[in-house]
Amino acid sequence: MRSLVPLAAAVGAAHAVSLSDICNDAYIKAALPADGTFQGISMIPSSVSTTIHSNVSISSSNFYPAATISYCDVTFNYTHIGRNDRVALTYWLPAPADFKNRFLTTGGEAYEINEGSGTSGSLPGGLMYGAVAGLTDGGFNGQSFDDV
C-alpha cells in the first residue's frame, strides 16, 4: 500500500483543482511511482481505472457517522518483478479541497484481507476525515484466505 504516497502527494499538491481534474486515467497514470521507486515491484499503468462518484449517501456504522461524500474511485495493479503475479489496489480520493494530507489503509478481520470495496465497507470512513482511503486484494484476486 506504500505505493500511494506519490499519488496522495499529487492530490495534496492539487489545491486549485477540482475532483474532475484529478479523477481521470491520464492524471493517475502520471502520478504512479516509476519503476524502481519501490524495490521489486512494477506498476501496471494499463490497469488504471478512475470513476467519479458525487453526493453518495453513506449510512452510519460502528466506525463512522452517516455522511454524503464525493470521491474518485481509483483502481490499478502492480506486479512483483519475476513472479508474474498481479496485485490489485483500490483508492478513494477525496476532492482536493477536502484532502487533509491523511491516508487510511483499511483491513479485514479473521481470514478476510479487507472489509470490502463498496460504500458499506471501510473506505468511506477515510473520506469523511479528509483522507485517501485504500485497500488491496493482496494478490488473491478478491478471494479470502478460506478460498485459496
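Since the structure is predicted, the reported quantities are computational estimates derived from the model, not experimental observations.
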Practice item. Please assess Ile41 against His80 for the test side-chain contact (heavy atoms from CB on, under 4.5 Å), listing each intermediate value before the final yes or no. Key: CA-CA 4 Å; Ile41 68 169; His80 294 94; 3.8 Å; yes

**Study point:** Steps toward side-chain contact (heavy atoms from CB on, under 4.5 Å) verdict (Phe99, Val132)
**Key:** CA-CA 8 Å; Phe99 183 59; Val132 170; 3.5 Å; yes

Practice item. Could you go through the side-chain contact (heavy atoms from CB on, under 4.5 Å) check for Leu93 and Ile28 one step at a time? Key: CA-CA 11 Å; Leu93 311 178; Ile28 299 302; 4.0 Å; yes

Practice item. Test side chain to side chain donor-acceptor pair (under 3.5 Å) on Asp25 and Thr50 and set out the steps. Key: CA-CA 6 Å; Asp25 293 1; Thr50 56; 2.7 Å; yes

Exercise for review: Would you sort out whether Asp35 and Ser42 count as a side chain to side chain donor-acceptor pair (under 3.5 Å), showing the intermediate values?
Suggested key: CA-CA 5 Å; Asp35 283 351; Ser42 177; 2.9 Å; yes

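Atom-to-atom distance recorded for Ile52:CD1 and Ile22:CD1 is 8.5 Å, nearest 0.5 angstrom. Distance check: Thr90 OG1 to Leu135 CG gives 5.0 Å after rounding to the nearest 0.5 Å. To the nearest 0.5 Å, the span separating OG1 on Thr75 from CG on Leu89 amounts to 9.5 Å. The line from OG1 of Thr51 to CG of Asn24 is 11.5 Å long, rounded to the nearest 0.5 Å.
In terms of heavy-atom proximity, Arg86 sits nearest to Ser47 at NH2-CB, 3.6 Å. Here the shortest heavy-atom pairing between Ser60 and Ala66 reads CB-N, 3.4 Å. Residue Leu104 comes nearest to Gly125 through the heavy atom pair CD2-C, 4.3 Å, listed as atom of the first residue, atom of the second, then distance. In this structure, Ala133 and Gly126 approach most closely via the heavy-atom pair CB-CA, 4.3 Å. For the pair Ala67 and Met128, the tightest heavy-atom approach, listed with the atom from each and the gap, is CB-CE, 3.6 Å. Listed here is the closest heavy atom pair of Tyr91 and Gly134: CD2-CA, 3.4 Å.
Note on ring orientation: taking the six-membered ring where Trp is involved, the planes of Trp92 and Tyr71 are parallel (angle under 30°, cut-offs 30° and 60°).
Residues in residues 65-106 take part in these disulfide (SG to SG under 2.5 Å) pairs, two or more places apart or across chains: Cys23-Cys72.
The backbone N or O of Ala88 lies less than 3.5 Å from a partner atom in the side chain of Thr136, making a donor-acceptor pair.
Hydrophobic cluster membership differs between Ile44 and Phe76, with clusters built from Ile, Leu, Val, Met, Phe, Trp and Tyr side chains linked at under 4.5 angstrom. Under the 4.5 Å side-chain heavy-atom criterion for ILVMFWY residues, no single connected hydrophobic cluster contains both Phe38 and Ile81.
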